[in-house]
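For reference, the structure is listed below as structure tokens.
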Amino acid sequence: MRVRVEQTALPGIGVRHDLVTESGRRVGVVSHRTGRRDLVLYDDDDPDSCIASIPLNDDEAEALADVLGASLMLGQLSGLRQQAAGLLTEQISIPAASRFVGRRLGETKARTRTSASIVAVLRDGQVIVSPGPEFVFQAGDVVVVVGTRQGLDGVGRILADGDPDS
């Protein structure tokens, strides 16, 4: 079954996006013109009746999107790992002494040097999915890397001391 998302204009209020799950449950987000967002859950027996509404500020909406995106991505990576022999996922911490603290991900040239990819960064309980080359590392960041054992080890060495071959 394809995922169905319905958009409904709410005159004077904003717009509502509803997701109908495979099991038939309806979950929605009401985006008010004021910028406020409400996460809404509908009654199983009456899809026009809202049984719960949770207001979300910008930080909460972003955190929820990150959590959903990260769990989806990590689930997909797990499935890929089962399908592709030799493809691994690993979390690597960036030590405070790394020469890449305060520098951009692109400067590591990790993918070019190791054929492994940094697909997410965990920072202060937040997940940054698919960081671009301009992303700046901080000490204590944990990178999620996908690649071969050799590639993962190479990224670990790059982030620790700058040399994938040491």
Side-chain angles (χ1 to χ4, degrees), residues 1-94 105-106 110-111 114-138 140-153 155-156 159:
M1 175 181 164
R2 285 187 44 122
V3 174
R4 189 172 85 222
V5 176
E6 300 169 356
Q7 178 177 322
T8 305
L10 302 173
I13 297 172
V15 66
R16 183 181 79 204
H17 291 92
D18 293 334
L19 167 76
V20 180
T21 68
E22 190 172 318
S23 67
R25 295 295 312 255
R26 295 177 71 85
V27 178
V29 175
V30 176
S31 300
H32 297 259
R33 290 182 182 195
T34 62
R36 183 178 126 202
R37 281 175 224 79
D38 295 318
L39 181 64
V40 294
L41 180 62
Y42 298 97
D43 188 324
D44 282 344
D45 299 323
D46 181 4
D48 292 327
S49 178
C50 176
I51 60 172
S53 177
I54 303 168
L56 301 172
N57 66 32
D58 289 346
D59 290 337
E60 293 164 339
E62 185 177 338
L64 180 60
D66 286 346
V67 167
L68 291 171
S71 66
L72 176 62
M73 181 193 67
L74 292 175
Q76 290 170 339
L77 290 175
S78 177
L80 281 174
R81 185 172 39 207
Q82 293 171 2
Q83 294 174 15
L87 182 64
L88 304 169
T89 304
E90 189 167 280
Q91 295 181 10
I92 302 171
S93 293
I94 298 185
L105 183 151
R111 186 172 33 214
T114 68
S115 296
S117 296
I118 295 173
V119 298
V121 177
L122 311 175
R123 175 184 289 165
D124 298 326
Q126 300 290 321
V127 178
I128 298 125
V129 179
S130 300
E134 70 290 342
F135 179 82
V136 177
F137 290 118
Q138 293 180 6
D141 281 351
V142 176
V143 297
V144 179
V145 185
V146 175
T148 63
R149 175 79 268 149
Q150 182 179 3
L152 299 178
D153 291 344
V155 171
L159 296 175

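Computed over heavy atoms, backbone and side chain alike; hydrogens, waters and symmetry mates excluded. Not measured: the values here are computed from a predicted model.
The shortest distance between side-chain heavy atoms of D58 and R37 falls below 4.5 Å. Using a 4.5 Å heavy-atom cutoff, the side chains of R26 and V40 are not in contact. I118 is listed as a side-chain neighbour of P131, based on a closest heavy-atom distance under 4.5 Å.
If you take CD1 on I94 and CG on L105, they are separated by 8.0 Å, rounding to the nearest 0.5 Å. To the nearest 0.5 angstrom, D18 atom CG is 6.0 Å from E6 atom CD. With rounding to the nearest 0.5 Å, the separation of CG in D124 from CG in D141 is 8.0 Å. From L39, atom CG reaches atom CG of L56 across 5.5 Å, with rounding to the nearest 0.5 Å. Taking OG1 of T114 as the reference point, atom CG of D153 lies at 10.0 Å (rounded to 0.5 Å). To the nearest 0.5 Å, atom CG of residue L152 and atom OG of residue S117 are 10.0 Å apart.
Closest approach of Y42 and R25 over heavy atoms only: O-NH2, 3.6 Å.
Residues passing the side chain to side chain donor-acceptor pair (under 3.5 Å) test with D38, sequence neighbours excluded: H32, R36.
The backbone N or O of R123 sits nowhere less than 3.5 Å from a side-chain atom of Q126 that would complete a donor-acceptor pair.
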